[in-house]
Q: 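Got a structure for you, questions after.
None of these values were measured; they are calculated from a predicted model.
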Amino acid sequence: MNVLSFVNAFFSDSAHWHGYDGIPHRVLEHIGYSLMALGIAAAIGLPVGLLTGHTGRGGNTLAFIATAARALPSFGLLVLMFVLLGLGLLPVMIPLVVLAIPPILVTTYEAVRSVDPSPVDAARGMGMQESRILLQVELPVALPLILSGLRSAAIQIVSTATIAAYVSLGGLGRYIVDGLYQRDYEKVVGGATLVAVLALATLAVFWAVTRLAVSPGVRRSA
């Protein structure tokens with residue numbers, strides 16, 4: 001059988017659409033893991049990136065942290081966290097968050113630093129507070145690039161969250177891990193296809209968010 005035959009057989013099987021191991025349930029689990037990891041990474045990366053980008057300090061430190069985090073293998077970190085912490089969601093969240101922070105952190109920093117200094121200087125000349133300058137002058141202009149960093153992080157998380165299945169959790173990785181163990185390649189291919197579709201859906205969501213959140217003038221100049 002070729003890959004398309006495996007895909008057709010997987011999605012045509014009604015047993016894959018119902019119950020605890022059904023596609024809807026596994027997709028929701030995968031989305032839940034992904035949203036949780038992205039939320040934690042954004043809560044860490046966005047404030048730090050905005051603050052350092054606004055002040056212009058700490059750029060070298062951020063680059064070092066991002067490079068070090070990217071060098072960590074997600075699966076290896078998962079195994080280490082599993083050994084130290086045991087079963088549970090935390091050993092999965094740590095490698096996913098570590099994976100997602102660098103693109104958010106670095107892109108947010110670069111986005112704020114790339115804002116034209118003229119309106120920033122004008123705002124300071126008018127006596128605006130630094131927090132208002134960041135939120136009202138720099139952030140709207142930097143938003144497209146910041147969203148691109150969040151998009152990159154989200155796609156990496158969606159693609160990597162399959163590792164949750166290796167520590168007995170759910171998500172779409174369950175099909176891949178169980179399929180490999182059972183030598184059920186129909187299930188393996190089906191799970192991989194669902195991950196790819198979810199990654200494409202993530203791209204579409206961020207495209208829509210960018211259209212809604214970024215002003216047309218900023219989009220045209222970006």
Q: Between atom CG of L87 and atom CG of L169, what is the distance when rounded to the nearest 0.5 Å?
A: 7.5 Å
Q: Of V209, L143, I146, which meets side-chain contact (heavy atoms from CB on, under 4.5 Å) against V214?
A: L143
Q: Give a yes or no on whether L89 and V79 share a hydrophobic cluster (residues Ile, Leu, Val, Met, Phe, Trp, Tyr; joining criterion: side-chain heavy atoms under 4.5 Å apart).
A: yes
Q: Please list every donor-acceptor pair under 3.5 Å in which a side-chain atom of residues 26-43 meets a protein atom from a residue at least two apart or in another chain.
A:
from : atom 1 : to   : atom 2 : distance (Å)
R26  : NE     : D21  : OD1    : 2.9
R26  : NH1    : E29  : OE1    : 2.8
R26  : NH2    : D21  : OD1    : 3.0
E29  : OE1    : G171 : N      : 2.9
H30  : ND1    : L172 : N      : 3.2
H30  : NE2    : V158 : O      : 2.8
Y33  : OH     : G170 : N      : 3.1
S34  : OG     : H30  : O      : 2.9

Q: Cluster question for you: counting only ILVMFWY and a side-chain heavy-atom cut-off of under 4.5 Å, with indirect links fine, are L203 and V195 together?
A: no
Q: Would you say F82 and V177 are hydrophobically clustered, going by side-chain heavy atoms of ILVMFWY under 4.5 Å?
A: yes
Q: Just how far is it from atom CD1 of I155 to atom CZ of F206, taken to the nearest 0.5 Å?
A: 8.0 Å
Q: When rounded to the nearest 0.5 angstrom, what is the spacing between OH in Y109 and OG1 in T55?
A: 7.5 Å
Q: Measure the shortest side-chain to side-chain distance between M93 and M81 over non-hydrogen atoms and say whether it is less than 4.5 angstrom.
A: no
Q: I'd like to know if the side chain of R57 reaches the main chain of T52, judged simply by a donor and an acceptor atom lying under 3.5 Å from each other, with no hydrogens or angles considered.
A: no
Q: Treat each ILVMFWY residue as a node, draw an edge where side-chain heavy atoms are under 4.5 Å apart, and state whether I133 and M126 are in one component.
A: no
Q: What are the two closest non-hydrogen atoms of L105 and G49, and how far apart are they?
A: CD1-N, 3.7 Å
Q: Crowded around Q136 CD? As in, over 12 foreign heavy atoms under 6.0 Å?
A: yes
Q: Given side chains that start at C-beta, do those of V205 and R151 come closer than 4.5 Å, heavy atoms only?
A: no
Q: Counting only N and O atoms by type, is there a donor-acceptor contact under 3.5 Å from the side chain of W17 to the main-chain atoms of F11?
A: yes
Q: What's the spacing between M128 CE and L135 CG if we round to 0.5 Å?
A: 9.0 Å
Q: What is the minimum heavy-atom distance between R124 and H54, and which atoms define it?
A: NH2-CE1, 3.7 Å
Q: Taking the side chain as C-beta and beyond, is there a heavy-atom pair between V112 and L139 under 4.5 Å?
A: no
Q: Would a single hydrophobic cluster contain both L150 and L145, if residues Ile, Leu, Val, Met, Phe, Trp and Tyr are joined by side-chain heavy-atom contacts under 4.5 Å?
A: no
Q: Show your reasoning for whether side chain to side chain contact (heavy atoms under 4.5 Å, CB included) applies to V141 and V137.
A: CA-CA 7 Å; V141 179; V137 179; 6.0 Å; no
Q: Could you tell me which residues satisfy side-chain hydrogen bond (donor to acceptor under 3.5 Å, both in side chains) with S118, sequence neighbours excluded, listed by chain and number?
A: D116
Q: Looking at side-chain heavy atoms only, is the closest gap between D184 and V188 below 4.5 Å?
A: no
Q: Is any side-chain heavy atom of I163 closer than 4.5 Å to a side-chain heavy atom of P95?
A: yes
Q: Going by heavy atoms in the side chains, are L62 and V48 under 4.5 Å from each other?
A: yes
Q: Filter on ring pair (Phe, Tyr, Trp, His ring centres under 6.0 Å), then keep only pairs touching residues 138-170, sequence neighbours left out; what's left?
A: F75-Y166
Q: Looking at every non-hydrogen atom in both residues, tell me the closest pair between I104 and G149 and how far apart they are.
A: CG1-O, 4.0 Å
Q: List the atom of P91, the atom of G86, and the distance in Å for their closest heavy-atom pair.
A: CG-O, 3.0 Å
Q: Any side-chain to backbone donor/acceptor pair from T160 onto I157? Under 3.5 Å, distance only.
A: no
Q: In Å, rounded to the nearest 0.5 Å, how long is the span from CZ of R70 to CD of Q156?
A: 7.5 Å
Q: Hey, would you say the F10 and H16 ring centroids sit under 6.0 Å apart?
A: yes
Q: Rounded to the nearest 0.5 Å, what separates atom OG1 in T162 from atom CG in L198?
A: 11.5 Å
Q: Could you please spell out the steps behind the side chain to side chain contact (heavy atoms under 4.5 Å, CB included) verdict for S74 and L96?
A: CA-CA 7 Å; S74 298; L96 292 180; over 6 Å; no
